> 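Pasting a structure below so you can have a look.
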Amino acid sequence: MLAQTFARRSLSITRKFTLRSYTTRFGDPVMFGNHSPLVITPTQLLEIKAKDPSSSDLVVLDASWHMPNSPRKGAEEFLRVHLPSARFIDVDEVATPHPLSLPHMLPDPTTFANACARLGISPNTQVVFYDTHGVFSSPRALYMFRAFGHHRSSILDGGLPGWQAHGGPTEEGAVPTIEKQAAYPPPTLNKDVVKDYEQIVANAQADPAKDPDAFYVLDARAKDRFLGKAPEPRAGLRSGHMPHAVSLPFNAFLETHPVPGDAVVRPGGGDGPYTYTRLRSIQGIISALEEALGPERLREVLQGQRQVVTSCGSGMTAGILWLGLKLLGVERVGLYDESWTGYASRPESTVVQGE
């Protein structure tokens with residue numbers, strides 16, 4: 001089966017670790033090298049922090065973000081509960097203003113560098129992102145750092161609730177002010193990993209089945225929004241999809257697990273089951289891709305013969321698809337920063353409804 005064939009190939013590419021066993025081990029607790037693993041486990045982070053709990057070479061960032069129709073606020077929940085010594089990064093603030101008032105667009109190099117400096121991050125700092133869903137918004141923050149060449153960066157698989165499920169300690173309240181900012185020169189954005197509206201429109205006019213230069217667009221929104229059967233969470237925005245786009249809801253790359261016990265502090269409060277998401281295995285990610293793309297298109301992507309671009313509602317959960325593809329060793333992968341909100345907000349955009 002094609003998925004099994006490419007699972008073996010991908011496991012070879014990512015031979016230093018796998019999503020379930022994470023066989024990577026680090027000699028020095030914070031010196032991961034210039035290319036850190038994309039994902040680390042709660043157990044690994046616990047070991048790292050236990051060896052050097054006060055190290056300034058490791059910064060843990062809460063990158064939690066919630067949908068615009070949700071009452072939850074990441075910054076407020078951070079004060080309720082967070083990982084020890086963690087800091088909060090607001091991805092809506094570390095962004096470039098957009099003419100359409102789109103949120104969390106990639107920042108310009110100076111804005112990115114200034115944000116890093118305020119957070120105590122230098123180009124040599126190892127950064128670990130997490131969020132309060134498990135895996136939701138942290139991949140977008142990781143994408144931003146990697147796009148600017150900060151490869152000493154990873155996400156925590158399972159996020160805050162996964163950390164709690166593994167017995168990790170937490171703190172509450174505000175964190176101490178960083179007295180001395182780090183030095184972070186403005187970096188260079190890798191423009192190959194981000195697509196703009198003009199590039200998306202031009203690609204939509206090509207038929208990938210006939211044009212080998214056209215890239216595949218993977219849409220991470222829910223299938224009914226993709227089909228135009230369900231409304232968008234942003235009032236007045238059309239639902240549907242771009243011509244030739246492929247539906248691959250972001251949760252196809254995730255699995256849900258319970259947080260055992262009742263003693264942990266829930267960031268969002270509430271009662272009922274406390275669950276979290278984490279990434280599926282390499283095999284599971286490939287199977288989801290094969291189901292969406294089919295065997296031939298999957299082969300093109302995994303062999304680097306075809307570029308693939310991820311999109312979603314606003315550029316947030318597209319990061320989950322981006323991360324899954326990177327874990328498979330896919331090099332030719334980008335992200336449409338504006339995503340559906342930017343595309344569908346323009347009345348001249350062609351919107352397809354149905355399959």
Side-chain angles (χ1 to χ4, degrees), residues 63 65 68 91-115 137 139-150 186-208 211-221 225-226 232-234 236-248 250 301 304 306-326 330-352:
W65 178 90
V91 293
D92 284 334
E93 289 186 0
V94 185
T96 297
H98 191 279
L100 297 177
S101 299
L102 302 180
H104 45 257
M105 295 295 94
L106 277 176
D108 60 79
T110 299
T111 298
F112 176 80
N114 290 342
S137 53
R140 169 67 195 205
L142 178 66
Y143 164 77
M144 175 173 65
F145 270 62
R146 295 275 175 143
F148 280 108
H150 194 115
T188 300
L189 173 66
N190 180 1
K191 295 183 179 179
D192 291 337
V193 301
V194 58
K195 298 296 182 183
D196 59 24
Y197 177 72
E198 288 72 23
Q199 291 170 306
I200 291 294
V201 170
N203 188 75
Q205 294 171 350
D207 184 351
D211 186 350
D213 293 326
F215 51 79
Y216 296 138
V217 175
L218 296 179
D219 192 322
R221 292 174 301 148
R225 289 166 60 188
F226 178 89
E232 292 294 311
R234 296 161 182 85
L237 191 67
R238 294 177 288 173
S239 60
H241 61 271
M242 308 160 199
H244 309 297
V246 176
S247 176
L248 180 56
F250 70 88
V301 169
R306 182 81 68 154
Q307 185 181 19
V308 62
V309 173
T310 65
S311 179
C312 60
S314 66
M316 185 61 65
T317 58
I320 297 173
L321 300 189
W322 168 86
L323 175 58
L325 288 160
K326 295 300 290 183
V330 177
E331 295 295 333
R332 300 183 65 195
V333 54
L335 188 149
Y336 176 28
D337 204 21
E338 295 181 347
S339 282
W340 185 250
T341 302
Y343 183 85
S345 293
R346 296 177 171 91
E348 66 271 25
S349 299
T350 300
V351 173
V352 179

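In this text, all values refer to a predicted model and were calculated from it rather than measured experimentally.
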> So, D92 versus W65: side-chain donor-acceptor pair below 3.5 Å or not?
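Yes - a donor-acceptor pair under 3.5 Å links their side chains.
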> Quick check against the 3.5 Å criterion: does Y143 have a side-chain atom that pairs as donor or acceptor with the backbone of A318?
no
> If I compare all heavy atoms of A206 with all of A214, which pair ends up nearest, and what's the gap?
CB-CB, 4.0 Å
> Judged by modelled atom types alone, do S349 and R238 share a side-chain donor-acceptor pair under 3.5 Å?
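Distance-only check fails for S349 and R238.
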> For the residue pair M144 and V94, establish whether any side-chain heavy-atom pair is separated by less than 4.5 Å.
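They are in side-chain contact.
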> Using only atom types and a distance under 3.5 Å, with no angle test, would you say the side chain of R221 pairs donor to acceptor with the backbone of G313?
no
> Please find the pair of heavy atoms, one from M105 and one from R140, that lie closest to each other, and give the distance.
C-NH2, 4.0 Å
> For the residue pair D196 and E338, establish whether any side-chain heavy-atom pair is separated by less than 4.5 Å.
no
> Stepwise, does the side-chain contact (heavy atoms from CB on, under 4.5 Å) test hold for F215 with K195?
CA-CA 11 Å; F215 51 79; K195 298 296 182 183; 4.1 Å; yes
> Is there a side-chain contact between M316 and V91 (heavy atoms, below 4.5 Å)?
yes
> Nearest 0.5 angstrom please: I320 CD1 to L142 CG, how far?
12.0 Å
> Short question: side chain of R306, backbone of P208 - any donor-acceptor pair under 3.5 Å?
yes
> When you measure from the side chain of H241 to the backbone of S247, do you find a donor-acceptor pair of N or O atoms at a distance under 3.5 Å?
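The answer is no, because no donor-acceptor pair under 3.5 Å joins these two groups.
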> Can you confirm whether or not the ring centre of F145 sits under 6.0 Å from the ring centre of F112?
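Yes, the ring centres sit under 6.0 Å apart.
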> Quick one: OG1 on T111 to CG on L106, what's the gap to the nearest 0.5 Å?
11.0 Å
> So which atom in G240 and which in V351 form the shortest heavy-atom distance, rounded to 0.1 Å?
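Of all heavy-atom pairs spanning G240 and V351, the closest is CA-CG1, 4.0 Å.
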> What I'd like to find out is whether the side chain of S137 reaches to under 4.5 Å of the side chain of H104, using heavy atoms alone.
no
> Is the side chain of S311 donor-acceptor paired with the backbone N or O of D219 at a distance under 3.5 Å, no angle test?
no
> Between Y343 and T350, is the side-chain contact (heavy atoms from CB on, under 4.5 Å) condition met? List the steps.
CA-CA 9 Å; Y343 183 85; T350 300; 4.0 Å; yes
> Give me the atom names and distance for the closest heavy-atom approach of S345 to L100.
CB-CD1, 4.3 Å
> Can you give me the closest heavy-atom contact between T341 and L102, atom names plus distance?
CG2-CD2, 3.5 Å
> With side chains defined as the heavy atoms from C-beta onward, is the minimum distance between H244 and V217 less than 4.5 Å?
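When only atoms from C-beta onward are counted, V217 and H244 do not touch, as no gap falls below 4.5 Å.
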> Is the shortest heavy-atom distance from the side chain of W340 to the side chain of R225 under 4.5 Å?
no
> Quick check: closest heavy atoms across T310 and L325, and the distance to 0.1 Å?
CG2-CD1, 3.9 Å
